[in-house]
Amino acid sequence: MKLLVINGPNINMLGIREPEVYGTQTYDDLCRLVTAYAARRGIDVEIFQSNHEGDLVDKIQAAYGVADGIVLNPAAYTHTSIAILDAVKAVGIPTVEVHLSDLSSREPFRQVSYVRTACCKAIIGHGIDGYLEAMDYLVEAKSVCK
Ligand code: DQA
């Protein structure tokens with residue numbers, strides 16, 4: 001099974017940005033954890049991060065016919081991007097939305113997620129472990145996640 005983990009803007013600043021919100025683990029820690037977990041579970045994983053909306057759209061489009069599932073943290077684009085929503089709908093790849101922080105206890109503008117309607121699950125506020133839960137979900141619930 002091939003999974004693509006996509007992270008949006010400022011996720012590369014983990015460990016530096018707002019540690020009281022996002023914790024002290026770095027983006028490299030996140031990549032290492034995801035890679036090691038995927039290896040243990042026999043998952044072929046690719047990890048991608050960009051600060052640019054169009055690059056995220058391009059990456060989702062390029063996954064068509066290649067990836068069996070996407071773990072997607074669009075970061076701030078969650079709350080603004082119809083383009084990312086449309087890309088996920090266009091490729092029809094089972095996608096799980098992940099957020100490190102607990103959005104429900106944050107600002108009103110973070111309560112909106114455009115991409116959510118195209119995702120089969122949202123894992124929110126579980127920190128870095130949320131990415132592993134999302135991979136588990138995509139492996140185990142593959143047939144019900146369209
Ligand atoms: C985030 C939450 C977003 O609101 C924010 O813009 C981010 C990270 C999270 O993982 O908690 O950059 O997606």
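This one's a predicted model, so the numbers in the text were calculated from it and none came from an experiment. As the structure lists them, so they are numbered: ligands from 1, and atoms in each ligand from 1.
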Is the shortest side-chain heavy-atom distance between Ser101 and Leu103 below 4.5 Å? yes
Determine whether Tyr37 and Val45 make a side-chain contact, defined as any pair of heavy atoms from C-beta on separated by less than 4.5 Å. no
Separation of Ile43 CD1 from Met135 CE (nearest 0.5 Å): 5.5 Å
Could you check ligand 1 for N or O atoms lying under 3.5 Å from protein N or O atoms and list the pairs with distances?
residue  : atom   : partner : partner atom : Å
ligand 1 : 4 (O)  : His79   : NE2          : 2.7
ligand 1 : 4 (O)  : Arg110  : NH1          : 2.8
ligand 1 : 6 (O)  : Ala76   : N            : 3.2
ligand 1 : 6 (O)  : Arg110  : NH1          : 3.1
ligand 1 : 10 (O) : Asn73   : ND2          : 2.9
ligand 1 : 10 (O) : Leu100  : N            : 2.7
ligand 1 : 11 (O) : Leu100  : N            : 3.3
ligand 1 : 11 (O) : Ser101  : N            : 2.9
ligand 1 : 11 (O) : Ser101  : OG           : 2.6
ligand 1 : 12 (O) : Arg17   : NH1          : 3.1
ligand 1 : 12 (O) : Arg17   : NH2          : 3.1
ligand 1 : 13 (O) : Asn73   : OD1          : 2.9
ligand 1 : 13 (O) : His99   : ND1          : 2.8

In terms of heavy-atom contacts, does NZ of Lys2 have more than 12 from other residues, nucleotides or ligands at under 6.0 Å?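 Check passes, neighbour count above 12.
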Show every donor-acceptor pair shorter than 3.5 Å between a side-chain atom in residues 79-87 and any protein atom, with sequence neighbours excluded, or say none if there are none.
residue : atom : partner : partner atom : Å
His79   : ND1  : Val112  : O            : 2.8
Ser81   : OG   : Glu53   : OE2          : 2.5
Ser81   : OG   : Ala83   : N            : 3.4
Ser81   : OG   : Ile84   : N            : 2.9

Quick one, Asn7 with Leu30, criterion side chain to side chain contact (heavy atoms under 4.5 Å, CB included). Give me CA distance, side-chain angles, the key distance, then yes/no. CA-CA 11 Å; Asn7 284 297; Leu30 167 61; 3.9 Å; yes
